[in-house]
J.: 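Here's a structure for you.
From a predicted model like this one, the values you see are computed outputs, not experimental measurements.
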Amino acid sequence: MSGTSEVGQGRRERPVWSRDFGLFFAARAIARLGDTMLPVALAAGLLQHGYGAGAVGLAMAATAAAFAGLVVFGGVIADRFSTRRLMIGADLVRLGTQALAAGLFFSGHVVLWEICAIGFVNGVAGAVFQPGVASTVTRLASDVQGANGAIRVAESAAQLAGPATAGLLVGFASPGGVFAAHAATYGVSALCLLLLRLPGPPPAPQGGTVGLGPRTREFRADLVEGWREFTARPWLWGVIAVWGVYMIAVWGPTVPLVATEVVQQHGPRAYGLVNSALGAGTVVGGLVALRLRPRRMLRAGALALFGFAAFPASVGAGLGVPAMAAGAAVAGAGMSFWGVMWATSVQTQVPPDVLNRIHAYDVAGSLAMMPVGQALAGPAASFLGTGEVLLVSGAMSLVVCTSLLLIPAVRGLVRADAPPSAPARTAAPGRVAPAEKH
């Protein structure tokens with residue numbers, strides 16, 4: 001895909017802030033608000049009914065396992081059927097399951113396996129919903145980067161407000177009230193998507209090696225084609241391969257160990273401050289991504305991602321709360337900016353007829369190694385010490401970012417809407433040559 005992105009052809013007149021994008025923006029922000037309320041509701045509710053921290057982790061794991069295990073299949077389904085209807089259906093399923101959970105907590109009849117089963121169904125619905133997000137953004141706005149930046153800001157703001165809102169609901173109502181509010185967020189999301197007028201997808205390419213083909217084609221063939229398209233792009237699978245190391249060595253250990261270390265050394269209020277600084281940083285990173293338009297997006301994103309090392313390193317080094325909060329803010333900004341650059345690259349560099357499947361492989365690959373990192377965090381901290389593991393995570397964050405920049409296809413990928421720098425210039429690594437354009 002050299003030159004102008006297929007996604008943007010014929011839709012340059014669609015601004016970011018149209019009525020329809022506003023509805024999608026609201027749907028994502030409200031749903032994210034509800035999702036960030038859920039951990040508080042689960043923890044408060046299950047502990048209140050005599051269960052321990054292990055039960056809370058099991059309930060959360062049921063959702064994560066279903067999502068990670070089935071999202072690739074959700075990508076195939078999204079490329080076969082109406083993504084809008086699938087997303088509305090997934091929201092309605094989660095509206096029902098969370099309303100059921102609210103009823104269980106209100107009645108006082110809370111059984112762990114039932115809560116886990118509800119979480120599993122939520123994970124399945126999420127696996128059906130998520131792949132369609134990427135293609136919906138490209139169909140609603142020609143400024144894909146601006147749209148991704150706006151959504152990232154909204155989700156980051158919701159992530160800041162969600163836990164606090166859940167805490168207030170638990171205090172003034174009950175955990176059941178949080179589940180009821182969570183169910184309502186899915187209802188609002190479904191309503192916004194129902195009111196959405198989603199433009200039709202671009203026509204499937206004629207000829208070439210990429211195409212959805214007849215809808216009667218075997219499900220397995222669609223799955224294999226999605227994998228083939230994924231592996232055909234070195235910049236894509238290169239990032240996911242490096243990201244597996246990032247999840248094991250950086251993100252997986254950082255989340256639980258930072259919480260443990262800060263709470264033990266400085267108390268829960270300090271952890272709340274550090275976590276809020278992280279969220280505020282993600283808002284700033286999203287705002288910067290709305291304005292900054294680098295020609296080589298992944299290179300710029302990887303450079304910004306260097307800032308994440310400040311988060312685990314500041315905690316591991318035993319710095320004061322202000323320094324840790326500053327490190328968290330820098331980390332959040334870098335992670336958020338990278339996220340917008342990455343999402344926009346995937347959405348604009350991949351043909352629309354396989355985008356949902358590619359996005360599903362992206363999500364699955366990005367999440368696959370996170371449980372491994374989380375599982376290894378405890379034993380590593382027991383052997384080396386929590387501070388030492390966090391310092392290693394900070395160093396590995398620098399290694400990962402350097403590795404991304406060392407991959408020619410990643411650092412050389414030119415944004416899809418960038419004008420050519422010279423008429424005779426050859427295609428950048430990992431991009432489709434002009435003769436292969438659809």
J.: Could you check whether the rings of W235 and W342 sit parallel, tilted or perpendicular, using 30° and 60° as the cut-offs?
T.: perpendicular

J.: Can you check whether T344's main-chain N or O pairs, donor with acceptor, with T348's side chain at less than 3.5 Å?
T.: yes

J.: Between L193 and F129, is a side-chain contact (heavy atoms from CB on, under 4.5 Å) present by the stated rule, with each step listed?
T.: CA-CA 12 Å; L193 295 173; F129 184 101; 3.9 Å; yes

J.: Provide the closest heavy-atom pair for H266 versus L319 in the form atom of the first, atom of the second, distance.
T.: NE2-O, 4.1 Å

J.: So how far is it from C401 SG to L303 CG, rounded to the nearest 0.5 Å?
T.: 8.5 Å

J.: Test your reading of the model: is there a side-chain donor-acceptor pair from R32 to the backbone of S156, 3.5 Å cut-off?
T.: no

J.: Given side chains that start at C-beta, do those of L196 and L140 come closer than 4.5 Å, heavy atoms only?
T.: yes

J.: Measure the shortest side-chain to side-chain distance between R19 and L195 over non-hydrogen atoms and say whether it is less than 4.5 angstrom.
T.: yes

J.: Check the side chains of Y186 and D35 for a donor-acceptor pair under 3.5 angstrom, ignoring hydrogens and angles.
T.: yes

J.: Taking the side chain as every heavy atom from C-beta outward, state whether H109 and E114 have any atom pair closer than 4.5 Å.
T.: yes

J.: Is any side-chain heavy atom of E229 less than 4.5 Å from a side-chain heavy atom of V350?
T.: no

J.: S393 side chain to P312 main-chain N or O, any donor-acceptor pair under 3.5 Å?
T.: no

J.: Looking only at side chains, do S336 and T282 share a donor and an acceptor under 3.5 Å apart?
T.: no

J.: Tell me yes or no: between the side chains of T63 and N122, is some donor less than 3.5 Å from an acceptor?
T.: no

J.: Before giving the answer on side-chain contact (heavy atoms from CB on, under 4.5 Å), spell out for V239 and W338 the whole-Å C-alpha distance, their side-chain angles and the decisive distance to 0.1 Å.
T.: CA-CA 12 Å; V239 169; W338 160 263; 3.8 Å; yes

J.: Check whether any side-chain heavy atom of F383 lies under 4.5 Å from a side-chain heavy atom of V389, and answer yes or no.
T.: no

J.: Within this structure, what is the CE-CG distance for the pair M297 and L292, rounded to the nearest 0.5 Å?
T.: 9.5 Å

J.: For A102 and A180, work out which heavy atoms get closest and say how close.
T.: CB-N, 3.6 Å

J.: Would you check if V315 and V262 make a side-chain contact, meaning some heavy-atom pair closer than 4.5 Å?
T.: yes

J.: Does the W237 side chain pair with the main chain of T231, one donor and one acceptor, at a distance under 3.5 Å?
T.: yes

J.: As an exercise, state the distance from OG of S189 to CG of L33, rounded to the nearest 0.5 Å.
T.: 12.0 Å

J.: What is the minimum heavy-atom distance between A125 and R94, and which atoms define it?
T.: CB-CG, 3.6 Å

J.: Establish, for the pair R139 and F24, whether the NZ or CZ atom is under 6.0 angstrom from the six-membered ring centre and no further than 45 degrees off its axis.
T.: no

J.: Measuring from atom NE2 of H182 to atom OG1 of T36, what distance do you get when rounded to the nearest 0.5 angstrom?
T.: 8.0 Å

J.: Determine whether the aromatic ring centres of W251 and F308 lie less than 6.0 Å apart.
T.: yes

J.: What heavy-atom pair brings T136 and T83 nearest, and what distance separates the two atoms?
T.: OG1-OG1, 4.1 Å

J.: Quick one: closest heavy-atom pair of G132 and M87, and the distance?
T.: C-SD, 4.2 Å

J.: Going by heavy atoms in the side chains, are M37 and L169 under 4.5 Å from each other?
T.: yes

J.: Would you please test D143 and R293 for side-chain contact (heavy atoms from CB on, under 4.5 Å) and show each step?
T.: CA-CA 11 Å; D143 181 5; R293 305 281 169 148; 2.6 Å; yes

J.: Before accepting this row, confirm whether a basic side-chain N of the pair R28/E155 lies closer than 4.0 Å to the acidic partner's carboxylate O.
T.: yes

J.: Within this structure, what is the CH2-CE distance for the pair W243 and M247, rounded to the nearest 0.5 Å?
T.: 5.5 Å

J.: Would R415 and Q145 count as having a side-chain donor-acceptor pair, cut-off 3.5 Å?
T.: yes

J.: Kindly give the heavy-atom pair with the smallest separation between G316 and L390, and that separation in Å.
T.: CA-CB, 3.8 Å

J.: Ignoring hydrogens and angles, tell me if any N or O in the side chain of D362 forms a donor-acceptor pair with the backbone of I358 under 3.5 Å.
T.: no

J.: CD1/I118 to CG/L104 distance, rounded to the nearest 0.5 angstrom?
T.: 5.0 Å

J.: Indicate yes or no: at least one non-hydrogen side-chain atom of S174 is less than 4.5 angstrom from one of F105.
T.: no

J.: With side-chain contact (heavy atoms from CB on, under 4.5 Å) as the test, would you mind laying out the steps for R299 and V410 before giving the verdict?
T.: CA-CA 7 Å; R299 182 172 69 180; V410 173; over 6 Å; no

